[in-house]
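For reference, the structure is listed below as C-alpha cells.
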Amino acid sequence: MDLLLSVFSLCIHFRYVLGAYSSLTDEVSAVLDKLLDNYNKDVRPGLGDEPVLIETHVSIRSFGKISEMEMDYSFQCYLRQRWHDDRLKFHMDNVTEFTLSNRFLQYIWKPNTYFLNGKNSKAHNITVPNAFVRIRNDGHLYMSRRLTVNAKCPMHLHRYPMGKIKCPLKLGSFGYTTDDMVYFWKGAVDTYEGLTTSTFELGIIETYNTTSRNTLGKFSILGVDIHMHRHIGFYILQTYLPCYLITSLSWISFWINSDAAPARVLLGVTTILSTAAIGMTVREGLPRVPYATALDIFLNVCLVYEMAALIEYAAVNYFMTICSKLNAPHEDDEDEIVPPPPQRKAIYVNETDEREREILIEGDECIEMETNRYSSSCCANSWRCLIGSSSYRPAQSELTAYEPGTNVNRIDKTARIMFPGSFIVLNTLYWIGYLYFEMDS
C-alpha cells in the first residue's frame, strides 16, 4: 500500500512539473513571437542615433598549421560578441534571460563581422552549427560562434630558424562605418591552458583598437598581434648537427697520405654533395625570398670549408709535384763517371777567365740571397707559386730536399689547426649574434 501511494504521488508531481514546463515553453514562444513581430533584421538597432557598440572577445582553443611557404597561420577559437538591441526587450516573471539555438540568429540583426586578413576561415557545423545566442530582458544580446580562422601572417625570415614571428589578426565590419558601429575589446584575448604547437612556442598576445579610412569613410577595427618563436631543437638534430659532422669529416683528409689522390678527392666531393643535399631538403618548406636566412649562411659556410679542404689538397699535390720534379736526380748524373782529380800544374789565368769566375761566384751568391728572400713569407710564396713565378721555383727547390714517399708537409700541418680553429670562432660568433642580438629585418 505504501509503495502504491509513493508511485501515485510521484506521478502527480511529474505531471505538475511537466505542465509547468509546458506552460513556460509556451510563454517563451509567445514572447519570441511577439518580439519578432514587425522586427526588421536588415536595420541596425538605434538607427539614426548613436552607433552600436560591439563588445568582442576571442578565446583561442588550439593552433593549426603555421606555414612559412604560404605566409599564413590558422587557429580554432570562440568568437564572442555582445551588443544592445532595444527592440528585443521583454518581461517575464522569474525569467531574466534565456539561451536560444543558432536558428534564432537568422531572424534577428547581428554584426557583419569579418576578418580583414583572413584567407580560408570557416564556421563549424558538425553535428549542428556551433553557435548560440543569449537574450537578456533589457535587450542585451550575447552571441558565440566556434570558428577556424586562417589568416595571413607576413614573416621576415632573416633569422630563420631562430627568429620570432608576429602574426596579426584584424576584425571589422563589412560595411558599417564608425557612424553606425564601433568595436572594442571586452577583456584580453585568452588561450586555453597548456596551448602549444610542435614548431612554435606561444608568447604574448597584444590587442589594440584602431580605425582605417577609405573612400567610404572611417571603419572601426580590432587588432591582435600573436607573438611566437620557433623551437630550434628540430633544426639542430636534423640540420645543424649533421652539417657539423660532415664538415668535420672533410678535415680527415689532412691526415691522409698526400699520394692517395682518389681517397682525398672522393672524401672532399662526398662531403660537398652531402651538405648540398641537406640544404636543398631544408629549403623545400621555405618561400623563395630574395635575402639570405640564418640557415643559408650556416650551410654556405659549411660548403666553403668543405670546398677549401678540397682546394687545400690541390695545393698540396701541386707543391709536391713541383718539388719532386725540381729536386729529383737525373739518370744521366748517376751514370756520369767522375774523372780523377787533375795533377797540380801551373795554370796561367788571363783576365777573361778571372772575370768569368767572378761572375759565377756572384751568381751563386745571388741564388743564395734569392733563396733566403723567398723563404721569409708563406703567403707571399704561395702567391708567387700560383702566378707561376719563374724565379721562385728554382729558389724554393734549394730549400726542399727530395725524399720519395713524403706523407706530411707543412700545408697539411697548418690546415689541421687553421680549419677547425677558424670554424669554431665563426660558429661562436654565429650563435651569439643570432640568439642574443636582435637585428632589424
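What's counted below: heavy atoms across the whole structure, side chains too, no hydrogens, waters or symmetry copies.
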Can you find a pair of side-chain heavy atoms, one from [X] and one from [Y], that are under 4.5 Å apart?
X    : Y    : value
N40  : W109 : no
N209 : I221 : no
Y78  : L147 : no
S250 : Y305 : no
H124 : Q76  : yes
Y192 : I60  : no
V58  : V224 : no
V282 : L295 : yes

Can you tell me how the ring of [X] sits relative to the ring of [Y], calling it parallel under 30°, perpendicular over 60° and tilted otherwise?
X    : Y    : answer
F298 : Y240 : tilted
F98  : F90  : tilted
F63  : F75  : tilted
W251 : F423 : perpendicular

Donor-acceptor pair, side chain of [X] and main chain of [Y], under 3.5 angstrom:
X    : Y    : value
S121 : G118 : no
R159 : Y434 : yes
N117 : P168 : yes
R264 : I256 : yes
H231 : F200 : yes
W185 : L222 : no
K110 : L105 : yes
T239 : I236 : no
R87  : G46  : no
T148 : K122 : no

Tell me whether [X] at atom [atom1] has more than 12 heavy atoms from other residues, nucleotides or ligands lying less than 6.0 Å away.
X    : atom1 : answer
Q106 : CD    : yes
R145 : CZ    : no
M69  : CE    : yes
M307 : CE    : no
R103 : CZ    : no
D37  : CG    : yes
K119 : NZ    : yes

Is the shortest side-chain N to carboxylate O distance from [X] to [Y] below 4.0 Å?
X    : Y    : value
K152 : D72  : no
E312 : R416 : no
K164 : E201 : no

When you check the side-chain N and O atoms of [X] and [Y], is any donor under 3.5 Å from an acceptor?
X    : Y    : result
Y176 : S220 : no
T247 : E306 : yes
N427 : Y244 : yes
D85  : Y39  : yes
T96  : N137 : no
H84  : D86  : yes

Identify the two heavy atoms, one from [X] and one from [Y], that lie closest to each other, and give their separation to 0.1 Å.
X    : Y    : result
T293 : L157 : CG2-O, 2.9 Å
Y430 : A294 : OH-O, 2.8 Å
F419 : A309 : CE2-N, 3.6 Å
C302 : T275 : CB-CG2, 4.2 Å
T177 : L216 : CG2-O, 3.8 Å

Can you tell me how far the [atom1] atom of [X] sits from the [atom2] atom of [Y], to the nearest 0.5 Å?
X    : Y    : atom1 : atom2 : value
L88  : L36  : CG    : CG    : 7.5 Å
K166 : I226 : NZ    : CD1   : 12.0 Å
R146 : I126 : CZ    : CD1   : 10.0 Å
R134 : R82  : CZ    : CZ    : 8.5 Å
D42  : L47  : CG    : CG    : 12.0 Å
Y313 : S253 : OH    : OG    : 9.5 Å

Audit row: Y160, Y235, ring-ring contact (aromatic ring centres under 6.0 Å, His included) steps and yes/no: CA-CA 10 Å; Y160 178 88; Y235 300 95; 5.6 Å; yes
Using ring-ring contact (aromatic ring centres under 6.0 Å, His included), reason through H158 and Y291 one step at a time and then give a plain yes or no. CA-CA 7 Å; H158 295 83; Y291 49 83; 3.9 Å; yes
From CA spacing to verdict: side-chain hydrogen bond (donor to acceptor under 3.5 Å, both in side chains), Y183, T113: CA-CA 10 Å; Y183 288 87; T113 306; 2.8 Å; yes
After noting the C-alpha distance and the side-chain angles of C167 and C153, does the key distance pass the disulfide (SG to SG under 2.5 Å) rule?
-> CA-CA 5 Å; C167 292; C153 180; 2.1 Å; yes
